[in-house]
Every structure is written in structure tokens, then in C-alpha cells.
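Nothing here was measured: the structure is a model prediction, and the numbers come from that model. The basis for the numbers below is simple: all heavy atoms, side chains too, and nothing from hydrogens, waters or symmetry mates. Just so it is clear: chains get the letters A, B, ... in the order the sequence lines come, proteins before strands, and each one is counted from 1.
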Amino acid sequence: MAKPDIGGAPPEQSVFVLELPSDPRVIEGAVGYLSDRLRAYDFDGSRLTLNFRVGMAEVLANAMIYGNGSDPDKRVRVEVELSRDAVSVQVQDEGTGFDPGHVPDPTLPENLDLCGGRGIFLIRTLMDEVRYNDAGNCVRLVLRRDESRRRASGE
Amino acid sequence: MAKPDIGGAPPEQSVFVLELPSDPRVIEGAVGYLSDRLRAYDFDGSRLTLNFRVGMAEVLANAMIYGNGSDPDKRVRVEVELSRDAVSVQVQDEGTGFDPGHVPDPTLPENLDLCGGRGIFLIRTLMDEVRYNDAGNCVRLVLRRDESRRRASGE
Amino acid sequence: MSFHTSKNNGVVVVDVDGQLIVGNRQELKQKVLDELEGGERKFLIDFSNTGYIDSSGLGVLVSLSKKIREQGGELRLANLNEDLRTLFELTKLDTLFNIADTREAALTGF
Amino acid sequence: MSFHTSKNNGVVVVDVDGQLIVGNRQELKQKVLDELEGGERKFLIDFSNTGYIDSSGLGVLVSLSKKIREQGGELRLANLNEDLRTLFELTKLDTLFNIADTREAALTGF
Ligand SMILES: Nc1ncnc2c1ncn2[C@@H]1O[C@H](COP(=O)(O)OP(=O)(O)O)[C@@H](O)[C@H]1O
Ligand SMILES: Nc1ncnc2c1ncn2[C@@H]1O[C@H](COP(=O)(O)OP(=O)(O)O)[C@@H](O)[C@H]1O
């Protein structure tokens with residue numbers, strides 16, 4: 001009764017910001033929240049459950065753990081622009097950055113049984129656009145709602 | 001190795017801000033994060049695990065659900081000032097507020113088997129200071145590290 | 001947070017792992033109501049592995065207790081740690097529930 | 001997220017409920033390593049109830065598989081949904097693991 005009407009279609013575009021602590025325990029809740037927002041803009045299927053959820057979880061984990069060094073005094077700023085066409089997310093940490101150009105390919109046979117090194121690969125594989133700033137402490141991701149390319153799959 | 005030194009004593013005071021989505025799924029992670037911060041300032045025992053965790057979870061839930069009406073477009077702003085003496089938390093929602101003066105006592109016999117109505121009672125019981133602004137959409141809580149009063153218990 | 005259900009001599013025993021709070025209490029409620037619907041009447045919730053409970057978690061316990069009683073059944077609680085005991089005392093819910101120190105004590109004479 | 005472990009004809013079966021991600025993968029790792037330490041050699045992880053897995057979850061699986069093999073044991077995986085299949089294919093980890101469609105298929109001939 002006192003609840004706002006959430007039945008109608010959402011506005012053409014939503015823009016919002018989160019400031020998250022550098023704590024992996026909030027990743028699951030934040031990704032769950034963001035996924036619901038995307039669902040309201042008709043994102044669904046593996047674009048939502050695989051590409052968005054895994055890509056987003058990776059980016060947040062890297063910002064919290066590598067960028068902010070799990071320093072509880074540092075925050076991760078997430079800026080989201082969401083429409084029916086695409087979601088664009090900018091994730092900024094308070095670290096000194098890194099060189100995203102120099103990341104070994106985890107799918108090479110010699111890297112296959114390494115425990116780490118798949119995060120950035122997955123971000124790049126799952127998202128449609130991935131652009132780090134020069135420092136490497138801010139990344140802008142774009143995921144389009146329709147799978148317009150890549151991942152030649154069965155259908 | 002690349003991790004920052006987290007062994008040393010924390011500074012005299014920490015001040016920080018979170019901007020959380022109105023989604024109950026982030027409450028547990030946020031409370032877990034905040035509890036760890038308090039632990040670094042020597043909060044422990046039931047002051048931490050009961051008073052702080054439950055009081056904080058209640059305040060966040062009320063801000064998200066009642067204040068913001070679970071509206072995904074609205075955020076909850078959490079400002080924390082933390083020292084070895086006390087933690088002060090200000091929680092602001094984007095709602096129109098309410099009158100916190102008019103909340104029935106859930107411990108009266110006739111209210112005992114109601115499902116709801118224990119949130120504000122618990123906040124007031126567990127925290128040392130609880131002050132709502134005039135509108136009722138912003139609350140400032142203080143919890144001192146040492147139990148200086150109330151809750152006459154065994155020790 | 002997660003729940004494990006087991007059956008012990010006609011008593012449905014539910015272990016609550018983690019927090020029982022607004023984000024997940026519906027799961028517990030549904031689980032117990034399903035068993036009630038299925039004809040079960042004796043329920044024990046074991047809090048050995050529970051962290052904290054918020055007011056909506058308490059509310060679910062009150063609501064379940066009522067619904068079970070309406071069907072002629074009973075809900076008992078066991079293994080509340082010191083924090084949880086205090087929480088039940090502050091809210092006077094310790095007067096509403098049958099609270100046992102241990103699982104065994106709760107199962108005895110159910 | 002939570003794990004349930006059970007034993008089936010000498011195979012330790014672990015069900016992963018929820019997400020297997022950086023915030024909780026250590027729990028899974030510890031659970032399996034404890035069993036390995038205790039002498040168990042055959043492991044099956046069942047992903048029927050798993051949501052998503054991130055790179056550190058994948059890392060834990062790779063690491064466990066290695067450690068189990070070093071002790072002469074084997075780790076098998078079962079019940080990957082379409083998303084998880086794709087994840088294993090994208091990372092080429094489908095070539096590293098014995099992945100069965102069903103739990104029964106995985107247990108057969110273990
Ligand atoms: N936001 C960031 N800030 C600083 N360094 C980063 C950041 N994100 C990634 N890195 C660096 O890139 C490396 C590769 O990351 P990733 O591909 O996610 O694999 P992994 O996490 O397994 O090391 C990390 O080890 C880290 O050194
Ligand atoms: N931040 C808030 N904004 C608006 N209303 C609130 C807020 N916090 C609490 N309330 C109101 O106070 C009432 C009592 O809250 P509470 O004591 O937590 O019990 P319950 O959540 O079980 O209703 C709520 O039902 C709600 O109407």
C-alpha cells in the first residue's frame with residue numbers, strides 16, 4: 001500500500017551511483033541488486049546471468065582486492081547508466097592502477113592449470129566493451145542487451 | 001606482498017561514507033564489513049556482535065524498505081565516525097520520513113505475538129544514542145565501545 | 001545463510017546457518033510452512049550455527065509458532081547463544097517460546 | 001552460499017548452493033582439503049544448485065583438482081547448467097576437468 005508503484009515500465013534511462021566498501025562480502029548482494037535493475041530493462045538469459053553477473057563480480061573483486069588492496073578505508077565507486085539497449089558501468093577504485101595490456105592469456109596450454117589470471121580475460125570475453133583509463137584504476141564496461149556478436153553458439 | 005600493512009594500530013579516528021542500494025541483500029555484507037572496522041578499534045563481545053550488528057541491520061533495513069520503499073532508484077547513505085571510544089553512524093534515506101515518537105511497545109503482552117514492530121524498539125534498546133531528524137528520514141546512532149550503562153547483566 | 005532440515009523421531013529439526021534476517025527469512029518460513037502443509041506438527045529450530053537475528057527474523061519465528069499452534073503443533077527453539085538469549089529477553093519473546101538449552105533437551109518429551 | 005557434503009559409495013559428493021565466488025571459495029577449498037587429509041580420494045562437485053562462479057571460484061577448482069591428483073585421487077564435476085558450461089568452455093577448463101552431465105553419470109565407474 002505504502003509501497004511505490006513498481007509495476008510500470010521503467011524510464012528510458014536510469015543513472016545511479018553506488019559507493020561500496022572494499023569487502024568481497026558485498027559483491028554478491030551488489031551484483032544481485034544490479035542484475036534486478038537490468039532485468040527491469042529486459043535484460044535476460046545468459047547475457048544477464050553469465051555475461052553481466054560474472055563480468056561485474058570480477059570487476060568489483062579486482063577493484064576491491066587489487067585496486068584498493070582490501071584497505072577498509074578505500075571505497076569502490078560504481079556509476080551505472082542503464083537503458084533497454086545497453087548498460088554502461090564505470091568502476092573506479094582508489095589504487096594506483098596497473099597495466100591491463102600485459103595480462104597473460106589464461107587459455108594457453110601452459111597457463112591452463114594456474115589458479116589465477118582469469119579475471120581480466122573473463123571481463124574482456126563477457127563484456128562488449130572494456131576500457132581502462134590510463135592509470136588502470138578505473139574501467140568502463142558496456143554490455144548490450146542483445147547479443148549482437150561474438151560467442152558463436154547454437155542459436 | 002603488494003598488500004598494504006594492516007598489522008599496525010588504526011588511526012585515532014576513521015571517517016567514511018557508503019552509498020548502498022535499497023536492497024536487503026547487501027545488508028549482511030555491509031554489516032559484516034562495518035563490524036570488522038569496529039573490531040579494529042577494539043570493539044568486541046556482545047557490544048559488537050549483538051548491539052552493533054543487530055542495531056545496524058535494523059536501521060539499514062528500515063531505511064531501504066520503509067524509507068526508500070525498496071525503490072531501486074533510491075540509495076541509503078551511511079556516514080561513519082569511528083574511534084576507540086565510540087562509533088557514530090548516520091543513516092539517511094530518500095524517503096519522506098515518519099514519526100518515530102509513535103511506535104507501540106512490542107514487549108507489552110498484547111503486542112507480544114505480533115510479527116512486526118520490533119525494529120525501532122531494538123535500535124533504541126541496543127544503541128546508546130538514537131536521534132532521528134525532524135522529518136524522520138535520517139537517524140544518527142551512537143554506540144560506545146564500553147558498556148557504560150543499561151542492560152544489567154550477570155557481569 | 002542456509003537451512004538444513006532433518007527428521008528426528010517425528011520432529012522436523014531445522015538448523016539455521018548464518019544470519020536470520022530480512023534478506024532470507026522468507027526461505028525459512030516457506031520451508032517450515034511446506035512441512036506443516038505436508039502434515040508435520042513438531043518443529044525444532046536449532047540456532048547452534050546462527051550468527052544474528054533481526055526483528056524480521058524474530059517476526060518469522062513468532063508467525064511460524066502461531067501457525068503451527070493453530071494446527072495443533074508446537075515449535076521449540078534450542079541452542080541460543082548468549083547474544084540470542086539476550087535478544088529474546090529484551091523483546092520478552094523468551095516468554096512466548098519453549099526454549100531449550102540443547103537439542104537433546106528440546107527433543108526429550110516432544 | 002553453502003556446501004553440503006555427503007558420501008556415496010566411497011565418493012565424497014559436494015553440493016554447492018548459490019554462488020562460488022571470491023567471498024566464499026575458501027570454505028569449499030577447506031572442506032575438500034580436510035576430506036583429502038582424512039584419506040578420501042574420490043570427489044564429485046555437483047553444481048545443480050549453483051548460480052554463478054567467478055574466476056577465483058574457477059581457480060579453487062583448478063587448485064583442488066591438482067592437489068587431489070597429487071594424492072592419486074580424482075575430482076569430477078557434474079550438473080553444470082548452460083552458463084557454467086559456457087564459462088568452462090570460454091576458459092578452456094572443460095579440457096582440464098572430467099565433466100559429467102548428471103551425478104549418476106559421474107558416479108558410474110568412479
Ligand atoms: N583494479 C586493479 N588495480 C590494480 N591491479 C589490478 C586491478 N585489476 C587487476 N589488476 C592486476 O591484474 C592482475 C590480473 O588480474 P586477473 O586477470 O583478475 O587475475 P587474478 O585476479 O587471478 O590475478 C592482478 O593480479 C592484478 O595484479
Ligand atoms: N526510515 C524510515 N522511513 C519511514 N518509515 C519508517 C522508517 N523506519 C521505520 N519506519 C516506520 O516505523 C514503523 C515501525 O518500524 P519497526 O519498529 O522497524 O517495525 P516493523 O519493521 O516490524 O514495522 C514501520 O512500520 C515504518 O512505518
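In plain terms, the two heavy atoms of B/L20 and A/L18 that are nearest each other are C-CD2, 4.4 Å. Closest approach of B/R37 and A/D73 over heavy atoms only: NH2-OD1, 2.8 Å. In plain terms, the two heavy atoms of B/G29 and A/V26 that are nearest each other are C-CG1, 3.6 Å.
If you take CD on A/E19 and CZ on B/R77, they are separated by 8.0 Å, rounding to the nearest 0.5 Å. Atom OH of residue A/Y33 and atom CZ of residue B/R25 lie 10.0 Å apart, to the nearest 0.5 angstrom.
With a 4.5 angstrom heavy-atom cutoff, A/V78 does not touch chain B via any of its atoms.
No more than 12 heavy atoms of other residues, nucleotides or ligands sit less than 6.0 Å from atom CD of B/E12. Under a cut-off of 6.0 angstrom, the local environment of CG in B/D105 is crowded, with over 12 non-hydrogen atoms contributed by other residues, nucleotides or ligands. The environment of CG in B/D99 is crowded: more than 12 heavy-atom neighbours from other residues, nucleotides or ligands sit within 6.0 Å.
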